[in-house]
Amino acid sequence: ANITKPVIIYRVCFERGAGSYFADSLKYLAVTAASILISLQIAALFRPAEGFLRFGAATLIIGGLYCVLFVVCFGRGEESRYLLGIIKAKLGDRR
């Protein structure tokens, strides 16, 4: 289902091949894997965590790293520009 559904949907609904879907999926998988590997290394530095502050610091560093890594890798993509446009429109409506 994970292979046939994208092929069918892209062919019927978007009238194009599913290659871009699979390429994007591989990019997301690679960035996620890199983030996990880096996070494990950072977590190892805080392993002898004694107390809430060290745990909180590790959590903030790893969470921030994950966000920064995704913004750096995908921040200039079409999806990000679309989402930023929606956010700007919503914020513009309130002012």
Side-chain angles (χ1 to χ4, degrees):
N2 290 334
I3 294 174
T4 58
K5 281 186 181 181
V7 171
I8 294 168
I9 290 172
Y10 269 68
R11 186 181 314 136
V12 173
C13 296
F14 304 134
E15 296 177 356
R16 61 183 216 196
S20 63
Y21 168 81
F22 293 114
D24 287 344
S25 295
L26 287 175
K27 285 188 246 179
Y28 291 127
L29 181 64
V31 171
T32 301
S35 177
I36 289 170
L37 292 175
I38 294 169
S39 296
L40 288 173
Q41 295 299 317
I42 293 172
L45 297 174
F46 290 91
R47 184 102 25 192
E50 297 173 4
F52 183 73
L53 289 177
R54 286 186 69 141
F55 175 76
T59 302
L60 289 174
I61 291 169
I62 291 170
L65 168 79
Y66 189 76
C67 292
V68 167
L69 194 58
F70 263 83
V71 167
V72 166
C73 292
F74 302 111
R76 295 184 181 179
E78 182 182 339
E79 296 88 356
S80 296
R81 286 192 303 269
Y82 174 74
L83 183 60
L84 187 60
I86 291 173
I87 292 170
K88 285 181 180 179
K90 294 289 183 184
L91 292 176
D93 290 342
R94 293 183 181 180
R95 292 181 184 170

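FYI, side chains are in, hydrogens and waters are out, and symmetry mates aren't considered; it's all heavy atoms of this structure.
Counting heavy atoms from C-beta on, the side chains of T32 and F70 come closer than 4.5 Å.
Hydrophobic cluster membership of L26, counting Ile, Leu, Val, Met, Phe, Trp and Tyr whose side-chain heavy atoms lie under 4.5 Å apart directly or via other members: none, as it forms a cluster of its own.
The main-chain N or O of V31 is never found under 3.5 Å from a side-chain atom of S35 such that the two would form a donor-acceptor pair.
In this structure, CZ in R54 is found 9.0 Å from CG in L45, a value given to the nearest 0.5 Å. Atoms CG and CD1, from L69 and I38 in turn, are 6.0 Å apart once rounded to the nearest 0.5 Å. Rounded to the nearest 0.5 Å, atoms OG (S25) and CD1 (I3) are 10.5 Å apart.
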Could you tabulate the donor-acceptor pairs under 3.5 Å formed by side-chain atoms of residues 71-85, not counting sequence neighbours?
unit_1: S80; atom_1: OG; unit_2: F74; atom_2: O; d: 2.7
unit_1: R81; atom_1: NH1; unit_2: R76; atom_2: O; d: 2.6

Distance-only check: which donor-acceptor pairs under 3.5 Å involve side-chain atoms of residues 8-22, not counting sequence neighbours?
unit_1: R16; atom_1: NH2; unit_2: S20; atom_2: OG; d: 3.2

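No single ILVMFWY cluster, assembled from side-chain heavy atoms under 4.5 Å apart, contains both L65 and V68.
Within the structure, the salt bridge (Lys or Arg N to Asp or Glu O under 4.0 Å) test picks out the following pairs touching residues 27-37 (sequence neighbours left out): D24-K27. Residue pairs meeting the salt bridge (Lys or Arg N to Asp or Glu O under 4.0 Å) criterion with at least one partner in residues 32-42, sequence neighbours excluded, are absent.
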